[in-house]
Amino acid sequence: MLVIYNSLTKQKTLFTPIEPGKVRLYVCGMTVYDHCHIGHARVMVVFDTVVRYLRHLGYEVIYVRNITDIDDKIIHRAQENREDITQLTQRFIQAMYQDTDALGVLRPDLEPRATEFIPQILAMIQRLLDNHYAYLTEQGDICYAVNRFQDYGKLSGKHLEELRAGERVEINTTKQDPLDFVLWKAAKPGEPNWQSPWGPGRPGWHIECSAMSTHCLGNHFDIHGGGMDLQFPHHENEIAQSEGATGEPFVNLWMHNGFVRINEEKMSKSLGNFFTVREVLQRYAPEVIRYFILTSHYRSPLNYSEQNLELARQALTRLYTALRGLSILGPGFFPMAESPYQQSFLAAMDDDFNTPEALAVLFDLAKEINRLKNTDPNQANQRGQELSHLAHILGLLQTDPEQFFQQGQAVEEIEQLITDRNIARQQRNWAEADRIRDYLKAQGIVLEDSGQQTTWRKI
RNA sequence: GGCUGAGUGGCAGAGUGGCUAUGCAGCGGCCUGCAAAGCCGUUGACGUCGGUUCAAUUCCGGCCUCAGCCUCCA
């Protein structure tokens, strides 16, 4: 029985899809004006894991993750670069795919882009105007009238009065209420724009997600996700827009993942303390980054540090070591019916996607495999199969162990040296054998002798 | 100031009203030419002050500290 924490009710509740057996899920994706950083990687990996698990449970999942390809930051960046906007966004969309593919993030089923949904956006704004949730300002913008929406603040636990008290003074505004937000921005000279009944302009940030999610998944769908920082105002505004326009409940369950932190501080663009995925990939295998993300529960903070990445590398090494030398058929094969490991794993994942606990089960399994390797190779293979099967749900352990250990090293040279060393060992020339081993160790290659065989791995 | 969330052993990080989380590191042993890996055993913890209870790290309350949102942000 899958239980998920709902940001809307601030409680864990039994997950019940609107339509039995089907899950409709929307996640706020990237604004494509720069490379993915580790914070983006976390959203991608977390919800990829959610989708993988839902599918494992047998749900038919429609996973939608949008791309924001028009907004202020994109326009500014394009101006800075003296680059065409489409060229800029295309470039970073490609870069995003490189990063997410590396991390084992499966592509969403639908990936709507704001610029491709202008008609739907205009239609929704028109409905909001018709329903008196929106108004035209003197500047020609369309704004959402926050006080018209009864439940405004229900997601973030905020009240209009309190928000107003802390409001910063905005100058030159023609809004009726400082908390009102823009649905449609009238075009300024030189800015990209689209035709609308209210003149040329472009969509505000929040409206695209309302238009795209309801268009792709229907007015009322199961799960909406994103980073914690989107809870307010972005998701709050999405609710106001969608429910205001459709008159139906928008989303049953809101999931928000925690931040990546550096030195007890949020990793963010504005603080400038971020690492891009491609930077980190230069030093760590992609799977290490994925593992690292899954070591902490998705709602907890994730502390980024070189040391923690190193811990992740070592932990993953232990799992791959257990798999080493076994014959694994692939994640689809899993002959065992009743298994205490599988049971614990599923129980952990059923409890709001508790990946740290699920990973702990993988280590229990690894220990069992290591024991069995000497006593019952057949059983060891079976458990190895199980390990691979369960890890697959998390998107882990899907490469060949030797490949993981070798990581693009000059394999032939190393194996020649190992052969040389083993000849020396046969001749009981320990000095020479140790010299070769130390030489390789200095290059980060560790040798392991077992019986007649010598294996190696890159640290 | 308002609203969230968190404080667990050397580090990372789950969890539980009484029973070993897990990984890395440490200690003792097995294995090994010596190692490495692996296996067996083992040390070590729940911010603080009260309350509830036979029993609290786990429930309740106060306090302290930290992070986040309230402005673009995953």
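Bear in mind that the values here come from a model prediction, so they are computed numbers and not experimental data. Proteins come first, then strands; the chains are lettered A, B, ... in the order of their sequence lines, and each starts at number 1. The basis for the numbers below is simple: all heavy atoms, side chains too, and nothing from hydrogens, waters or symmetry mates.
With distances taken from any side-chain atom of A:Ala315 to the nucleotides B:C70, B:G23, B:A74, the minimum falls on B:G23. Picking from B:G68, B:U22, B:A74 the nucleotide with the shortest atom distance to the side chain of A:Ala360 gives B:U22.
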Secondary-structure notation, RNA chain B, from Watson-Crick and G-U pairs under 3.5 angstrom (| other strand): (((((((..(((.....[...))).(((((.......)))))....(((((..]....))))))))))))....
Tell me, for nucleotides 7-13 of chain B in 5' to 3' order, what letter each nucleotide earns: B for a base near a protein heavy atom under 4.0 Å, S for only sugar-phosphate near one, - for neither? ----BSS
I need a per-nucleotide contact map over nucleotides 32-42 of chain B, read 5' to 3'. Cutoff is protein heavy atoms under 4.0 Å; write B for the base, S for backbone only, - otherwise. -BBBBSSSS--
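Ring pair A:Phe275/A:His37: centre-to-centre distance not below 6.0 Å. Aromatic pair A:Tyr26/A:Tyr63: centroids not less than 6.0 angstrom apart.
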Produce the list of close N/O pairs, under 3.5 Å, pairing protein atoms with atoms of nucleotides 27-31 of chain B; give distances to one decimal.
none

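A:His297 pairs by the ring pair (Phe, Tyr, Trp, His ring centres under 6.0 Å) definition with nothing, not counting sequence neighbours. With sequence neighbours left out, A:His56 forms a ring pair (Phe, Tyr, Trp, His ring centres under 6.0 Å) with A:His389.
On the C1' atoms, B:U8 is 25 Å away from B:G41, given to the nearest whole Å.
Tested against A:Tyr320 for a side-chain hydrogen bond (donor to acceptor under 3.5 Å, both in side chains), the candidates A:Glu287, A:Arg457, A:Glu402 yield a single pass: A:Glu287.
Residue A:Lys266 places a side-chain atom within donor-acceptor reach of the base of B:C73, judged by atom type and a 3.5 Å distance cut-off alone.
Under 3.5 Å, the side chains of A:Glu357 and A:Asn354 contain a donor-acceptor pair of N or O atoms. With 3.5 Å as the limit, one finds no donor-acceptor pair spanning the side chains of A:Glu80 and A:His76. Under 3.5 Å, the side chains of A:Asp420 and A:Gln416 contain a donor-acceptor pair of N or O atoms.
Cation-pi geometry between A:Arg299 and A:Tyr5 is met: under 6.0 angstrom from the ring centre, within 45 degrees of the axis.
Within the 3.5 Å criterion, the main-chain N or O of A:Leu217 finds a donor-acceptor partner in the side chain of A:Arg24.
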